[in-house]
Amino acid sequence: MIKYKIRALIQQHPLHNGRKVTLTYLAENVGVQSSAMSKIANNKGYNTSVSTIEALCKFFNCNVEDVMEYVPDE
């Protein structure tokens, strides 16, 4: 299973251009709907595109492994 680390990234980077980073703010800047960002952040089994992962990496100035990780099924 792929686990997204969006909430951890928001905690590490609480401000962007002087504004508080919320899921809505993040969605607007990444170019996805806020409902999709909520599903990604809450790991609700949401499949997202590579372009969204790329936009998240650009927004947080980080690597792919900082955005998501593989967790083996038990």
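Since this is a predicted model, take the numbers as computed values, not measurements.
Considering all non-hydrogen atoms of both residues, Asn43 and Ile2 come closest at OD1-O, 4.2 Å. Minimum interatomic distance between Val67 and Cys62 (heavy atoms only, all atoms of both residues): CG2-SG, 3.7 Å. The two residues Met37 and Ala27 make their nearest non-hydrogen contact at CB-CB, 3.8 Å.
Atom CE of Met68 is separated from atom NZ of Lys3 by 14.0 Å, given to the nearest 0.5 angstrom. Remark: Ser38 OG to Ile6 CD1 distance equals 11.5 Å, nearest 0.5 Å.
Using a 4.5 Å cut-off on side-chain heavy atoms (C-beta onward), Val21 and Asn29 make no contact. Side chains of Ser34 and Leu23 form no contact here, defined as non-hydrogen atoms less than 4.5 Å apart. Within the 4.5 Å cutoff, the side chain of His16 has heavy atoms near those of the Phe59 side chain. The shortest side-chain heavy-atom distance between Tyr4 and Ile53 falls under the 4.5 Å cut-off. Side-chain contact between Thr48 and Leu56: absent, with no pair of heavy atoms (C-beta onward) separated by less than 4.5 Å.
Shown here is Gln33, whose CD atom has no more than 12 heavy atoms of other residues, nucleotides or ligands within 6.0 Å.
With hydrogens and angles left out, the side-chain atoms of Ser51 and Ser49 include a donor and acceptor closer than 3.5 Å.
Sorted by first and then second residue, the side-chain hydrogen bond (donor to acceptor under 3.5 Å, both in side chains) pairs with a member in residues 58-72 form an empty list; sequence neighbours excluded.
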